[in-house]
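In what follows, a structure is listed as structure tokens, so that the remarks can point back to it.
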Amino acid sequence: MTWQGRRNRKPYFFIGLALNMISKIIMVAIMSVISRFLLLALVLIVLEIFITYLGIINLGKRLHDMDLNAWYGAIFNIVVLGWSIFSPESTIAMLINIVVGLGVLLIPGTNGENRYGKNPLEE
């Protein structure tokens, strides 16, 4: 998977859903084996980081479809993740994440070709 290109809403949603489900399964596996098999837990943590990376690429391509730079998504994820880590009870961070996530999911991409490539719906 590369950062190049665009992704419309439908594939963005389904790829994000699949990555999220896999991520949750891995996190449950990490929590269940962390005290028994440290090596397996480390492998699962690396896999979780890779899946998170794929999710950021998915978001970046979706932002490309909206003619926005993918760095906005990466920076947003870092800020919200940091906010959630240092203030886990913060409902504001959760609400911002939901609103931005819905915006990225519901706002259509640009019509025709933009600086990131052709419209995926026209291919």
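Between the CD1 atom in I75 and the CD1 atom in I56 there is a gap of 11.5 Å [rounded to 0.5 Å]. Note: E113 CD to D67 CG = 11.0 Å, rounded to the nearest 0.5 Å. For the atom pair N58 CG and R62 CZ, the distance stands at 10.0 Å (nearest 0.5 Å).
Of the possible donor and acceptor atoms, none in the side chain of R7 sits under 3.5 Å from a partner among the backbone N and O of L59.
The side chain to side chain donor-acceptor pair (under 3.5 Å) contacts involving residues 8-19 comprise nothing, where partners must be two or more places apart or lie in separate chains.
Residue G60 comes nearest to A70 through the heavy atom pair CA-CB, 3.6 Å, listed as atom of the first residue, atom of the second, then distance.
Hydrophobic clustering of Ile, Leu, Val, Met, Phe, Trp and Tyr side chains at less than 4.5 Å, counting indirect connections, keeps Y72 apart from Y116. L95 and F76 end up in different hydrophobic clusters when Ile, Leu, Val, Met, Phe, Trp and Tyr side chains are linked at under 4.5 Å. Note on I15: it does not cluster hydrophobically with I25, by side-chain heavy-atom contacts below 4.5 Å among ILVMFWY residues.
Residues L68 and H64 are not in side-chain contact: their nearest non-hydrogen atoms beyond the backbone lie 4.5 Å or more apart. For the pair L63/W71, no side-chain contact is recorded, criterion being any heavy-atom separation below 4.5 Å from C-beta on.
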Compile the donor-acceptor pairs under 3.5 Å between side chains in residues 100-111 and protein atoms, sequence neighbours left out, one pair per line.
residue, atom, partner, partner atom, Å
T110, OG1, R6, NH2, 3.2
T110, OG1, D65, O, 3.3
T110, OG1, N114, ND2, 3.0

